[in-house]
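So the structure is just underneath, and the comments pick up after that.
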Amino acid sequence: MALGAFVSVASCTKEAAGPDVYDWAEGEIYFKTSLADVSTSRAQDMTLDRLESFQVTCFNSADSKEDPTRYNYPYFENATFIRKAGSGIGTYESSPAEGPREWPANSGLLRFFAYSPSLSVMTDGNSGIPDADRSKYFELINNTTKEADKLSIDYRLCNVRINPDIARQYDFVTAAATGERWKDFGSGVELAFSHKLSQVELRAWGASSEYDFEIAGVRIGNPVVEGTFIFADDANPDLHGVWDTSIEGVKDKVEYLFQSSADSHIEGVPAAGDRIFKIHSSEHSAVESAASIMGNGGCAMVIPTENTKWEGINDPNIGTTPYKTDRMYFSILLRAREKASGKVIYPYPGNPYGMKVIYYAVDKSGTIISRLYPGEEGGIFFTDPDLQNPFEASEEVEIMDFGWAAVPVDADWKAGKKYIYTLDYSEGIGVHDPEDPEPGRPIAGESSISWGVKVSNWDYAQENDDYTPDLEVP
């Protein structure tokens with residue numbers, strides 16, 4: 001799962017040049033698309049060969065001239081365009097199920113706003129959206145207005161919600177363009193898609209002389225998980241699209257707990273159990289040996305976020321009940337063993353603080369066999385949270401317990417950027433997660449975990465922009 005270094009060349013995937021395969025005299029609207037190559041971490045990363053379809057809303061500037069009452073009515077809305085069979089990778093036509101979308105007879109200037117995946121894909125299976133509230137999310141809003149002869153298009157996607165399960169998240173790409181029949185009739189309208197989320201990966205290493213570590217999950221605490229995406233308005237007329245920063249976005253956690261093959265639901269990844277990630281000083285003694293701890297879930301994709309780090313026990317509100325913070329942190333699901341004795345010191349034996357402990361059945365290769373849930377009687381485990389299916393222990397399987405250990409961080413994440421955080425476990429274990437009964441309490445050792453972040457462009461085509469890549473932050 002570790003992502004390779006980004007190449008420093010601009011590369012943009014388009015269909016190969018060749019003869020047209022359409023009868024352009026039919027007057028249908030077609031698109032020729034592009035999407036910069038990316039370093040993919042899983043099937044949900046959008047690339048041009050994976051862009052099977054997208055949604056398009058179109059406005060016709062001539063409508064408001066001919067009928068002033070129609071200025072805010074789209075020429076067509078949320079139309080589906082699919083890849084044209086046999087036409088090359090980057091050519092798209094209107095879905096046959098919806099019928100053709102034709103150029104208007106009045107030859108007005110058309111403005112196209114496109115996005116992928118569809119509303120239904122982003123909504124279906126999103127565990128952050130209650131079934132009763134599905135209609136409140138991914139809502140297309142048209143706030144277009146007209147004063148005198150000036151038409152101000154304001155088209156936005158409201159309540160875009162990121163799935164809290166990293167393995168179920170989807171890449172979100174958008175494009176916008178203008179087109180006119182006389183100019184684009186024969187060649188199709190060019191749509192250049194770009195990534196509108198931020199990608200985050202966590203890696204770890206450690207040369208601790210006291211502890212060995214085993215990791216079984218990751219949590220990103222308090223990124224923006226719900227916001228509004230503006231395709232175009234008066235403040236952003238360039239058609240690039242921006243996230244609305246005028247209102248406070250909803251913050252929450254996103255996470256991935258390692259899974260067995262039976263629990264795996266990752267699209268495009270064969271059903272295989274995650275392997276426990278082990279940090280040993282002999283194998284991970286330098287930052288160059290850091291490896292991804294994201295498991296089969298892959299990199300997280302979140303709405304661009306700017307957030308200061310959680311202050312832990314120095315938070316003025318740390319004593320409130322129930323305690324909650326909206327500051328940024330990472331939390332790692334881990335266990336720590338003493339090198340000298342081999343004893344597990346975290347999670348604490350006997351769990352005196354009543355913290356949440358996650359249990360797994362793990363085979364001798366380190367592969368997760370099952371998530372386990374403790375019964376009312378000590379030492380009895382079940383394979384389901386309803387405690388209906390008892391777990392049958394064997395000598396080939398070890399029952400392992402894990403607890404969350406937090407690392408406060410800062411975040412200033414931009415759309416289309418990739419952030420690789422490297423966590424150093426040489427000196428400590430971390431502090432108790434904000435959701436633990438003792439939030440911010442140091443766990444052991446010096447407790448604090450130092451970290452660095454490498455910032456790169458998610459897509460190669462932006463590698464030569466004004467953003468400084470490979471920025472190391474202590």
Side-chain angles (χ1 to χ4, degrees), residues 1 42-44 125-128 163-169 202 204 212-221 252-279 292-300 330-337 344 346-351 353-406 430 432-437:
M1 295 304 298
R42 54 194 175 91
Q44 286 89 333
N126 190 324
S127 55
N163 200 317
D165 183 345
I166 292 174
R168 295 179 182 269
Q169 294 176 337
L202 306 185
D212 286 329
F213 298 90
E214 295 161 302
I215 293 175
V218 295
R219 172 182 292 169
I220 299 175
D252 206 339
K253 61 186 178 185
V254 299
E255 60 187 21
Y256 177 71
L257 276 66
F258 287 10
Q259 299 174 344
S260 69
S261 59
D263 297 327
S264 179
H265 54 247
I266 305 171
E267 182 180 344
V269 176
D274 283 290
R275 296 189 65 180
I276 302 298
F277 182 87
K278 299 181 178 181
I279 301 178
S292 175
I293 57 174
M294 305 300 291
N296 290 337
C299 295
F330 299 148
S331 209
I332 312 302
L333 186 63
L334 57 75
R335 63 180 350 213
R337 296 178 186 264
V344 175
Y346 188 79
Y348 306 118
N351 195 10
Y353 299 102
M355 59 182 285
K356 185 175 183 179
V357 178
I358 306 295
Y359 296 89
Y360 289 104
V362 182
D363 69 15
K364 291 185 176 181
S365 72
T367 301
I368 293 175
I369 302 301
S370 177
R371 170 86 179 270
L372 298 180
Y373 302 86
E376 295 181 0
E377 298 182 18
I380 304 298
F381 291 90
F382 296 79
T383 58
D384 65 300
D386 295 328
L387 308 183
Q388 299 298 311
N389 302 310
F391 171 71
E392 297 182 6
S394 72
E395 294 182 355
E396 301 298 317
V397 175
E398 178 184 1
I399 296 177
M400 303 176 67
D401 55 344
F402 294 83
W404 292 104
H432 280 265
D433 188 273
E435 295 185 359
D436 273 355

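Just so you know, these numbers use all the heavy atoms, side chains as well, and skip hydrogens, waters and symmetry mates. Not measured: the values here are computed from a predicted model.
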Query raised in the report: Do F330 and I220 come within less than 4.5 Å of each other through their side chains, counting heavy atoms only?
Result: yes

Report summary line: Here the ring-ring contact (aromatic ring centres under 6.0 Å, His included) pairs for residues 362-386, sequence neighbours left out, are Y359-F381

Report task. Find out whether L333 and Y360 are in side-chain contact, i.e. whether some heavy atom of one side chain is under 4.5 Å from a heavy atom of the other. Result -> yes

Query raised in the report: If we only count heavy atoms from C-beta on, is the I368 to S260 side-chain gap below 4.5 Å?
Result: yes

Query - Separation between CE of M355 and CG of D436, rounded to the nearest 0.5 Å - result: 4.5 Å

**Report entry** Side-chain touch L202/I332, heavy atoms, less than 4.5 angstrom
**Finding:** yes

Report task. Using only heavy-atom distances, determine whether the side chains of D433 and S331 contain a donor-acceptor pair under 3.5 Å. Result -> yes

Query raised in the report: Taking N296 for the side chain and Q259 for the main chain, is one N or O donor matched with an acceptor at less than 3.5 Å?
Result: no

Query raised in the report: Where do F258 and I358 land on the side-chain contact (heavy atoms from CB on, under 4.5 Å) test, with the steps shown first?
Result: CA-CA 11 Å; F258 287 10; I358 306 295; over 6 Å; no

**Report entry** Between CE on residue M294 and CD1 on residue I166, distance to nearest 0.5 Å
**Finding:** 4.0 Å

Query raised in the report: For the residue pair Y348 and Y346, does the interplanar ring angle fall in the parallel (under 30°), tilted (30 to 60°) or perpendicular (over 60°) class?
Result: perpendicular

Query - Residues which pass salt bridge (charged side-chain N to carboxylate O under 4.0 Å, His left out) with K253, listed by chain and number, not counting sequence neighbours - result: E435

Requested in this report: For the pair K278 and D212, find out whether any cationic side-chain nitrogen is under 4.0 Å from an anionic carboxylate oxygen.
Outcome: no

Query - From CA spacing to verdict: side-chain contact (heavy atoms from CB on, under 4.5 Å), L257, F402 - result: CA-CA 11 Å; L257 276 66; F402 294 83; over 6 Å; no

